[in-house]
Every structure is written in C-alpha cells, then in structure tokens.
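What follows is a set of notes on a single structure, which appears directly below.
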Amino acid sequence: MSLTFDGRVVLVTGAGGGLGREYALAFGERGAAVIVNDLGGDIKGGGKSSAAADRVVEEIKAKGGKAVANYDSVEDGEKLIQTALDAFGRIDIVINNAGILRDRSFGRTSDLDWDLIHRVHLRGSFLVTRAAWNHMKNQKFGRIIMTSSAAGIYGNFGQANYSAAKLGALGLSNTLAIEGQKYNIHCNTIAPTAGSRLTQTVMPPDLLESLKAEYVAPLVLWLCHEDCQENGSLFEVGAGWIGKLRWERSLGRIVRQKNLSMTPEAVRDTWNEICDFTDAGKPSSIQESLQTLVDVLSRVDTEDGIKANPTSAAVRINPSDAVGRSLSEMSFTYTHMNTILYALGVGMSTKEPDHLKFLFEGHENFSCLPTFGVIPAQGSMMGLGSVPGLDIDFTRLLHGEQYLELFKPLPTSGTLTSKTTVADVLDKGSGMIILLDVHTYSGQELVCYNQFSVFIVGAGGFGGKRTSERAVATAPPPNRPPDAVTVDQTSKDQAALYRLSGDWNPLHIDPSFAAMGGFKSPILHGLCSFGFATRHVLKQYADNDVSRFKSIKVRFVKPVYPGQSLQTEMWKEGNRIHIQCKVKETGGVVLSGAYIDLHAGSSVSRGPPEKEELQSDLVFAEIERRIKDVGGELVKKVNAVFGWEITKDGETVRRWTMDLKSGRGDLHRGAYKGKTDVTFTVPDEIFMEVVKGKLNPQKAFFAGKLKVRGNIMLSQKLETILKDYAKL
Ligand code: NAI
C-alpha cells in the first residue's frame, strides 16, 4: 500500500529551495496540507524575500495539492505554527530544514558567524518545534525531523560553527524522542547530502547535479508517516542510499582500585585496553550508560571481584597456579540413541538418502559423525570453576575456538573417559583466554583430542602473556572464490534439538535468558554450526566416509538464530579443506579461520591403527596358512568373499578379508576393496569362544554377540570350512 498523508498538516522550514522544496512537493503530492516556510534570504543569512516560498506553493497547487506560504524566520517559531493553525487548524509534522552557512577557519570565526549559525539551525529548530509541541501532545501524534550534517558527525575543516550547531540538533532530537514517545511524538535526525545552493561552493558541478534532493525526500516521508515507529535515530542519506548510525563503546577498563587514589599513570598504563573495541558494546540509552557506572562501583568496592581491575585481577588470576592442572576425569556412556540424536541436532535428515547411515542403527554402515567427539568432552568447560588461580564468572564465558582431532572413527556406542588439563591461560586485555586440552579414551586407547578455547569477557589485565605455542592456530582461506558452497537451512527447533546432546545452557532455549545476554531470541550453539559445516565437508570431499576425517579447527565469530540458513564455503588445498560459514540471510560470518584436515586416499575404510595383538590374529594366521595349502579347491566350493570385523570395547580394531572367490583364494588383513558377500562383526573374545567350540555360532548370533551383514546363508558354508579345512 502506498504511503499517503491525507488529513495531515506539515510544516517544512526553508522550503523555498533545495531539500526543503523537495520535501514540500513530495508531501503535497501525497495528500498533506503543506506550510511552505522560507525567509528568502541569501545563503549567509542576509536579505529577505517572499518569492521562493510563493513559487513552491504555486507548484504544489498546480499539481492539485494544498499549500500556504510563510515568510518568517525560523527564529519566530510561533508565527510559523500559527500559519498552520490558521490555514488548516492543526500541525502534525515539522521538518526543521532551514539553514545557512558562514564557513570560516576556526581562528577567524567571528561572534556573528557563530551566533547566526546557531540562531538559524539550532535555536530555530528549538523555537519552531516548541511552538508545535503541545498541539502534538494533545492530539497524541507528531512527527519531527531534525537536520544534522556529516560535518557535525565527523567534523569538517572551516565549519566549527556549523558542526557544533548541527550536532546540537542531534542532541535536541535525542531528548525530544524520549519526552515525546508516550504521546506518539517521534523525532529523528537526518544527515543529508544533496546538490543545492549550500553545497555548490564545495562540490563539483556534475556531482552537484547527480546528488539529487529527490533521493533524500523518501526517507523523510517514511520517518514522518504514522506507520513508522522509528524514534530517536540518526540516518545518513544521499545518492539513493540510506544508512543508520549508532554509538559504539569499548568494554573499557576499570583503572581505580579500592581505597587507593586514581592516577593518570594508571590511565596511561591501561590506555590500549580503554581504547580496545574488541567485543565493544552499543549502548543506546542513558540508563545503560549509568548502569555501567553502578556496576563499576559495586565491582571496585565489594569483595566480589573486579574482573577488569589490574591489581585485583592479578590477585585472582594466577596462570602459574592454573596451567597444567588436571580437572576431574569425566566418564560418558552412550548408545546409538545419542549418536542419532546428535546427527539430528546438526541437521541430518531422512530427506537426504545419504544421511541414513547416521540415523539408522540397522544401516550396514551405521556411523557416528566425527564432530560427536566434542560431546564427551564438553563438560570440561564447567569444571573450570574449581581450578585454583582462575576466577571464572560463567555469565561472561564465551566459547571462542575449537579444535577436534580423531585418532580413529568414533564408536557408535560405548563408554569414553575424558581427561582435561588447563593447557594455557592468556591475557588478551579485554578478556582472558583459557585453553583446555581434553583427551578422550576408550579403555586405554586414545580416541580423540579436543582443545577448547574459552574467552572470559572482562577478565584480562592480570599481566599474563598474550599468545601460546600450545594453541592450535586458525588459518585463513585462500584468496579466491570458494571451490564449493553448501547451503543448509537450520530448523526453528535446531537449538532445542541440539541441546539434548548435553549443552543445557538456557541461552539456547529461554527467551528471557537470551535477552539478558543482549540477544533478540535464543541462539544456536556454536558447536551446532560446527557440526553442520563438518558434515558439509564430509559430503563434498569424503563421500560421507567418517574414517577420512582427521581434524577440525574453527573460530566462533557471530551467533546464528535457529531457522537461519548456514552457508558453508569450502576451498580444497590438498587434504586440507578451508571453510568459512556464513548466515546466508545476512552474509554475517559465523565460523572463520576454519579448516578440516582429511586423511588422504580412497574412501575405503583405512581401519584403525593395529598395534595391539589380538587372540584372533593367531587364528587368522593359521587359517591363512591352511587356505594356501588347500589351494583353489575352496574357491570352487565356496565362491564368496567374507569380511571380518573384530571388535574390542565395542569398536572395530581389526578387519580381515577372506577371499574365496578369485584366484586360489586368499586371506589378508584389512577391508575388502569391493562389496563382501557377508561380513561378520564379533568381539575378539567371542570369536575365540566360537573357535574353541565353547560357544555355538548360532547362539552367539541370536544373543547379539555376533553380527552378520549380507548373505547370512553363507555363514553355514563358513562353518564347514572352519571345521573341515582349518581343523579348528
Ligand atoms: P538551501 O540553501 O537550498 O536551503 C535552505 C533554505 O533555508 C533556503 O531556501 C533559505 O532561504 C532558507 N532559510 C535560511 N535561513 C532561514 C531562516 N532563518 N528562516 C527560514 N528559512 C531560512 O540548502 P539545502 O542544501 O537544501 O539545505 C537544507 C538543510 O540541509 C540545511 O539545514 C542544511 O544545513 C542541511 N544540509 C544540507 C546538505 C547538503 O548536502 N545539501 C548537507 C548537510 C546538511
């Protein structure tokens, strides 16, 4: 629906030319009754004429609009509003636009240069707006525009008087926005750029011509429409572009210590941190500003820790006490339920046929996603609370970076134990980084290694080192467009689902908790995006073969809201896949400096390291010898390939292939390169019990101790072989 202003009465000051004229014409065209104010003087504030305003009134009327002229100076604010009341009985919208220039370098600025500029721009805006205020209040509607300038926001040589007045208009607007809010009076400020007589001395003619005033008017109209709820904001506008501005404030730094006087030396010594915009805040109200000071007072004066205070932090944070400390061991028992729930949590879906092997425990290649490796280790972060030499405020904890390396594919079920040590503690000024190394074992065997990089906001400044050789580094992607891109939409319930894998932080589910953290709604877990990105890479470059995964490193940059789409950009450099993950809708980078290292080679399973001797090894060696003895006879009789997976503690530790299909028959270690006719999965000790005749193979099968995939009838033949030929 188009925006109209029927029944609204608008005053545009300085509407005889330039931007003001354009606003007046636009409002007139869309149904508003317009008061076209212009003093009709020269650009320096001299002279007076009715011609300029009259011309614009005629233009509006010629197009069928309603308009009256007013020739008073904005310094006679009441008269301008009276014209509106006399002609149309009300005033709804005031555009403070009138302006002059008296540019001088600062040293040469006279009292008159200063005063005239302030009288027209700032005092004029005040007087006109005050005259309209009570009418707006009574009718519970008002829209006001203040006109500022880039010269005010940023400063400009030769415009000290003008800059001061223009930023004064912003200050005026900020308070009117607060006072007017409850009466539905909104006040916003624009800093326009357009070719006009004011800019003709500072801009080349062709630029003057192309920066049309009609590119500014649409913003003014929208801000003044009753549908627009914007209030107290500042916009830069010109050339057809509009941008909004706001304040940014560094986290800052407490430089005062309890019972000690505050010194300029302390300011000097903490200057870099005072000015460091990492994790900067964006305060939008005086309440927020005051709250910071109240927080500072309580932090300096109470016993309860001054995270950003140098001496106090130094007392509480003592890296040499903390580094090398072990946290208590964690044990994690899981079944296929957990691995499937995790796969769903990172966006796996039966909609994709190749996801089934991660979602169905009966699938012949049922696998656990490599990034599940963070799950048994994630509790380590909570263990930080008990480490001497560290003082952790968990509400200020951010997960900064993550490294995960697998030494073998993760079992789909089992019990894993994790050992955590504090690898290093770093002082980043604005915060502290704690590196946690977590080694996760299945029995005695190392399964995976995680390095958590945890950032504690505001806990820096204890005089620690800034970098660590123990930290696994991020790496930027190559400087070329990505080789592959995968886009995947997260579901509205993605975080609700992911948290069931054991990250119970209410930030990811509770709207009020998320609001306290400054988020508009609960956010997705960083490790969930991490899981998405990894499976994108596995699919793109490793045919979903989990045994190809070696390691991943990521830095968490920005939050993702459930429902947004994740876009994983990938660059292949040998066996390293660089990745960058973005929110597709916003383009915001979520994971940066990230990469996944793959194991080289074919997608045929590599099998785990084979250090340990198994009892079954000897048996297979014996079978191998006898197959060689018997020669081709078995091949004729059996004509099948058998695969063996010998397990220990629930995971495959050895693979054998018994090829009784080709040549003279063969038995060798390792997986078969094609498809076996039947594959047996059996624990080493059960295999031995069967071989020794202590356990009947059928019984073992029905008890779930021996698993068979493929043509189950062939197992009969195998029994015969083992009995007749192997004499076992
Ligand atoms: P302009 O000179 O074309 O228009 C200003 C109008 O205000 C003139 O018609 C003038 O007669 C009138 N005026 C001056 N003193 C007055 C008074 N005391 N009472 C009533 N009317 C008076 O200039 P332009 O460029 O259209 O500027 C409009 C506003 O935008 C000004 O406030 C200016 O400072 C501001 N601005 C303009 C920029 C630009 O690039 N054109 C850049 C930044 C700010």
Side-chain angles (χ1 to χ4, degrees), residues 11-26 35-57 69-81 83 94-103 115-129 131 145-156 159 161-170 172-173 189-204 207-217 219-220 234-239 241:
L11 163 67
V12 182
T13 72
L19 286 162
R21 172 178 165 272
E22 201 61 45
Y23 305 153
L25 293 174
I35 293 85
V36 178
N37 158 265
D38 208 294
L39 183 64
D42 62 32
I43 69 164
K44 292 191 167 186
K48 191 172 168 40
S49 150
S50 59
D54 286 343
R55 262 200 311 273
V56 176
V57 168
N70 171 284
Y71 318 117
D72 294 305
S73 165
V74 286
E75 291 183 75
D76 292 315
E78 292 285 351
K79 291 187 184 165
L80 275 67
I81 299 303
T83 305
V94 170
I95 314 293
N96 291 292
N97 166 77
I100 53 170
L101 279 184
R102 293 177 74 92
D103 292 359
D115 291 345
L116 271 183
I117 288 288
H118 275 73
R119 273 164 47 193
V120 175
H121 287 277
L122 188 51
R123 191 173 151 79
S125 299
F126 155 61
L127 290 167
V128 171
T129 307
I145 296 290
M146 295 293 171
T147 306
S148 186
S149 163
I153 300 170
Y154 307 108
N156 195 21
Q159 293 197 311
N161 53 353
Y162 180 75
S163 303
K166 283 308 206 189
L167 214 54
L170 175 64
L172 174 59
S173 174
T189 306
I190 61 163
T193 302
S196 76
R197 68 175 196 172
L198 277 193
T199 44
Q200 67 190 2
T201 51
V202 293
M203 284 185 198
L207 189 59
L208 211 63
E209 177 58 29
S210 47
L211 292 172
K212 294 186 197 308
E214 66 196 61
Y215 301 150
V216 176
L219 169 64
V220 170
L234 170 65
F235 301 88
E236 280 188 71
V237 50
W241 163 87

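Reckoned from all heavy atoms, side chains included, excluding hydrogens, waters and symmetry mates. On a predicted model such as this, the values are computed, not experimentally measured, just so you know. Remember, it's 1-based here, ligands and their atoms both numbered in the order they're listed.
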Measure the distance from [atom] to every protein heavy atom, then report the residue, atom name and distance (to 0.1 Å) of the closest one.
atom                    : answer
atom 23 (O) of ligand 1 : L198 CG, 3.2 Å
atom 15 (N) of ligand 1 : I100 CG2, 3.7 Å
atom 20 (C) of ligand 1 : N37 OD1, 3.4 Å
atom 44 (C) of ligand 1 : Y162 OH, 3.1 Å
atom 11 (O) of ligand 1 : D38 OD1, 2.6 Å
atom 42 (C) of ligand 1 : P192 O, 3.0 Å
atom 5 (C) of ligand 1  : G99 O, 3.7 Å
atom 2 (O) of ligand 1  : R197 NE, 3.0 Å

(request) May I ask you to test the N96-F126 pair for a side-chain heavy-atom distance under 4.5 Å? (result) no
What atoms of ligand 1 come closer than 4.0 angstrom to any heavy atom of [X]?
X    : answer
T199 : 39 (C), 40 (O), 41 (N)
S149 : 43 (C), 44 (C)
G18  : 3 (O), 26 (O)
A194 : 39 (C), 40 (O), 41 (N)
T193 : 40 (O)

(request) Give the minimum heavy-atom separation between V56 and R21, together with the two atoms involved. (result) CG2-CG, 3.7 Å
(request) Mind listing the closest non-hydrogen atom pair of A131 and I81 along with its distance? (result) CB-CG1, 3.4 Å
Have a look at [options] and point out the one with the heavy atom closest to [atom].
atom                    : options              : answer
atom 30 (O) of ligand 1 : D72, I117, T147      : T147
atom 37 (C) of ligand 1 : L19, L101, L80, I153 : L19
atom 4 (O) of ligand 1  : G17, A213, A15       : G17
atom 29 (C) of ligand 1 : L211, N97, N156      : N97

With a 4.0 Å cut-off on heavy atoms, is [X] in contact with ligand 1?
X    : answer
E75  : no
V74  : yes
H121 : yes
A52  : no
S148 : yes

Under 3.5 Å donor-acceptor, [X] side chain and [Y] backbone:
X    : Y    : answer
S173 : A169 : no
K44  : I100 : no
N37  : L80  : no
T199 : A194 : yes
S210 : L207 : yes
N97  : T13  : yes

(message) As a quick check of understanding, evaluate side-chain contact (heavy atoms from CB on, under 4.5 Å) for T129 and M146, giving each step before the final call.
(response) CA-CA 10 Å; T129 307; M146 295 293 171; 3.7 Å; yes
(message) Using a 6.0 Å cut-off, check whether atom NZ of K212 has over 12 heavy atoms from anything other than its own residue.
(response) yes
(message) Just checking K48: does its NZ atom have more than 12 heavy atoms from other residues, nucleotides or ligands closer to it than 6.0 angstrom?
(response) yes
(message) N70 and side-chain hydrogen bond (donor to acceptor under 3.5 Å, both in side chains): which single residue from T83, D76, D38 fits?
(response) T83
